[in-house]
4 protein chains.
Amino acid sequence: MWIHLSNESKDPLYKQLKDQIKQQIIDGTLEGDTELPSIRTLAKNIQTSVITVKRAYSELEQEEFLYTRAGRGTFVKATEKRILQQKVEKQFETEVDRLFQLGASLGLSIEEMMTIIQRLKEERK
Amino acid sequence: MWIHLSNESKDPLYKQLKDQIKQQIIDGTLEGDTELPSIRTLAKNIQTSVITVKRAYSELEQEEFLYTRAGRGTFVKATEKRILQQKVEKQFETEVDRLFQLGASLGLSIEEMMTIIQRLKEERK
Amino acid sequence: MWIHLSNESKDPLYKQLKDQIKQQIIDGTLEGDTELPSIRTLAKNIQTSVITVKRAYSELEQEEFLYTRAGRGTFVKATEKRILQQKVEKQFETEVDRLFQLGASLGLSIEEMMTIIQRLKEERK
Amino acid sequence: MWIHLSNESKDPLYKQLKDQIKQQIIDGTLEGDTELPSIRTLAKNIQTSVITVKRAYSELEQEEFLYTRAGRGTFVKATEKRILQQKVEKQFETEVDRLFQLGASLGLSIEEMMTIIQRLKEERK
DNA sequence: GTGGTCTAGACCACT
DNA sequence: GTGGTCTAGACCACG
């Protein structure tokens, strides 16, 4: 498993780790029932503390991306692609909502927001 | 001046205060050269410490929304509406960028993101 | 006497007042033995407190630009132009020295400093 | 790290601290990604309060000389020498501008100012 | 009265 | 252990 934690990132380490595992599950790099490295092994590999890995694993477990069997290890939860896709979209929607709220609090109309979003979208192409 | 701070918000107090003042400047409730309440008065009114208010005021001063003069008080900076608008848009753009990055890390294409954004926009109407 | 105090200036009011009187003495607008307005009168005129004017007058007296006769008033000290010029240059030199020190502390050589100074001088023309 | 704070300086403590750290970054004593002492450790060492150190660190972070991560520490930001040089020159330019303004307010022509500057430069050699 | 600086504590999230 | 936030005091310069 390829993980890269950056010391300069503003995200806390546990979140960087969590996000990277999550993404690998989403894009199919990590398939259902794959066994993840043990907390201690992974901690050693990416040179961080056990606590950090533990936190990432348990939050992913709570979000139903992983499951743990005591004494055996931690595994990727087998999930239909469709369900996975739904999860992803739901998370994205939450953030879009937040964005709309921010825009409104700044006094922007929804049309003004869309104009800006469209412009930035074009720039990204 | 109407301020409401919540202990339940996950934003720190100084940020809640800062955001509310900023918004009132943006929407025109607070006009240029208006004198704000003194840090001590405001602190008493909203039942928080002087330092919390001070911090909100100084960050807003740094972002050029306020100016403060020792011994005289703190005032809203007179700013052309056009400049204000630019500041607002810039802040919004930063957040849109962040959203696009999040979407990409979730494996969504930019078109998929736009579809979701459009759908939520319609729902908000 | 023409005085303009700005609320937006970063300088304290007493310093703005002091500097403006000083400049008028230097450029000859205020000649030797001219009587200045009384502290109270001036304070009323420029809409500030007596304390502020008092401080400006007494610092100028200390720097030998003014003299006060109890019960009679405050007057501009008659000074040869040559002496005045010397005072001015001395004050300016102090600031130049400070600038050189700052530059040195920033790791700039004296030649680098001169290059920047020359460039800014040209731009001001 | 060598820091010396003086109670006699008219600069506030946090500014003295800030300036000294900044200078060590500029002259290369502190290299990119070097970890600075924790705010608590440094506060103890230089016998000042945690808040004073915190303030110096955060202002330097805002000026992009440092970055700090909760739970990890505070580090010198890796910056190209070229960028660093630009920052330094910009700061110096601000001060030169101020000097020119002072000179003008004293009734000196720009050529008179340059004469004085040149003379003092020669004396420093 | 105003803001600017500083101290000596405290609790929280993160490692 | 680290930094982030917050409180309740204090003294100073300015008006």
Side-chain angles (χ1 to χ4, degrees), chain A residues 5 7 9-18 43 46-56 59, chain B residues 5 7 9-18 35-44 47-58 61 66-75, chain C residues 5 7 9-18 43 46-56 59, chain D residues 5 7 9-18 35-44 47-58 61 66-75:
Chain A
L5 301 189
N7 197 33
S9 165
K10 281 187 188 175
D11 284 342
L13 298 178
Y14 85 89
K15 189 164 186 306
Q16 293 182 48
L17 177 54
K18 183 181 151 186
I46 60 180
Q47 299 188 52
T48 186
S49 88
V50 173
I51 292 182
T52 303
V53 179
K54 196 179 177 73
R55 177 153 184 189
E59 294 204 359
Chain B
L5 301 189
N7 276 317
S9 165
K10 71 174 189 175
D11 281 345
L13 296 177
Y14 83 89
K15 191 164 186 309
Q16 293 181 46
L17 177 52
K18 184 181 153 184
E35 179 167 1
L36 293 182
S38 83
I39 49 178
R40 283 166 181 80
T41 307
L42 185 51
K44 218 172 258 177
Q47 300 190 50
T48 183
S49 97
V50 171
I51 285 202
T52 304
V53 179
K54 176 69 175 61
R55 175 154 188 191
Y57 277 18
S58 3
E61 182 175 8
L66 302 181
Y67 63 91
T68 139
R69 297 294 173 257
R72 281 177 265 166
T74 301
F75 308 83
Chain C
L5 301 189
N7 197 32
S9 166
K10 280 187 186 171
D11 284 341
L13 298 179
Y14 85 89
K15 191 165 183 305
Q16 293 182 46
L17 176 54
K18 183 181 152 186
I46 60 182
Q47 299 188 51
T48 186
S49 87
V50 173
I51 292 182
T52 304
V53 179
K54 197 178 176 72
R55 178 154 184 187
E59 293 204 358
Chain D
L5 302 188
N7 275 317
S9 165
K10 71 172 188 174
D11 281 347
L13 296 176
Y14 83 89
K15 189 162 189 307
Q16 293 181 47
L17 178 52
K18 184 180 154 185
E35 179 168 2
L36 293 182
S38 83
I39 49 178
R40 283 167 180 79
T41 307
L42 185 50
K44 217 174 257 175
Q47 299 189 51
T48 182
S49 97
V50 171
I51 286 202
T52 304
V53 178
K54 175 70 174 60
R55 175 154 187 191
Y57 277 19
S58 358
E61 182 175 8
L66 303 180
Y67 62 92
T68 139
R69 296 294 171 256
R72 282 177 262 165
T74 301
F75 308 83

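First the proteins, then the strands, lettered A, B, ... as listed; each starts at 1. Bear in mind the structure is a predicted one, so any value in this text is a computation, not a measurement.
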Earlier contact from the 5' end, DNA chain E, for A:T48 and B:Y57: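 Taking each residue's closest nucleotide, the earlier one in sequence belongs to B:Y57.
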First of B:P37 and D:K15 reached from the 5' end of DNA chain E, by closest nucleotide: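 It is B:P37 whose nearest nucleotide is closer to the 5' end.
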Considering all heavy atoms of both residues, which atom of [X] and which atom of [Y] are nearest to each other, and what is their separation?
{"X": "B:P37", "Y": "B:Y57", "answer": "O-OH, 2.8 Å"}
{"X": "B:R72", "Y": "C:N7", "answer": "NH1-O, 2.9 Å"}
{"X": "D:T52", "Y": "D:L17", "answer": "O-CD2, 4.5 Å"}

For the pair made of [atom1] in [X] and [atom2] in [N], what is the distance, rounded to whole Å?
{"X": "B:I39", "N": "F:dA10", "atom1": "CD1", "atom2": "C1'", "value": "14 Å"}
{"X": "D:E35", "N": "F:dG1", "atom1": "CD", "atom2": "P", "value": "14 Å"}
{"X": "A:N7", "N": "F:dT2", "atom1": "CG", "atom2": "P", "value": "15 Å"}
{"X": "C:Q16", "N": "F:dC14", "atom1": "CD", "atom2": "P", "value": "13 Å"}
{"X": "B:L17", "N": "F:dT5", "atom1": "CG", "atom2": "P", "value": "14 Å"}
{"X": "C:K10", "N": "F:dC14", "atom1": "NZ", "atom2": "P", "value": "16 Å"}
{"X": "A:L13", "N": "E:dT15", "atom1": "CG", "atom2": "P", "value": "4 Å"}
{"X": "D:K44", "N": "F:dT2", "atom1": "NZ", "atom2": "C1'", "value": "14 Å"}

Return no unless some side-chain N or O of [X] is found under 4.0 Å from OP1 or OP2 of [N].
{"X": "C:R55", "N": "F:dC14", "value": "yes"}
{"X": "D:S38", "N": "F:dT2", "value": "yes"}
{"X": "D:K54", "N": "F:dG4", "value": "yes"}

Of the nucleotides [options], which has the atom closest to the [X] side chain?
{"X": "B:R72", "options": "E:dT2, F:dG15, F:dT2", "value": "F:dG15"}
{"X": "A:T52", "options": "F:dG15, E:dG3, E:dT15", "value": "E:dT15"}
{"X": "C:S49", "options": "E:dT15, F:dT2, F:dG15", "value": "F:dG15"}

Euclidean distance, D:R55 CZ relative to B:R55 CZ, rounded to 0.5 Å: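 Reported to 0.5 Å precision, the distance equals 11.0 Å.
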OG1 on A:T48 to CG on A:L5, rounded to 0.5 Å: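 The CG atom of A:L5 sits 6.0 Å away from the OG1 atom of A:T48.
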Give [X] one of three labels, base, sugar-phosphate or nothing, depending on what nucleic acid heavy atoms sit under 4.0 Å from its own.
{"X": "B:I51", "answer": "base"}
{"X": "D:R40", "answer": "base"}
{"X": "B:T74", "answer": "sugar-phosphate"}
{"X": "B:Y14", "answer": "sugar-phosphate"}
{"X": "B:S58", "answer": "nothing"}

Side-chain heavy-atom pair B:L36, B:L42 within 4.5 angstrom cut-off: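 Counting from C-beta outward, B:L36 and B:L42 never come under 4.5 Å.
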Base partner of E:dC14, which must satisfy Watson-Crick or wobble distances under 3.5 Å: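 WC or wobble partner is F:dG1.
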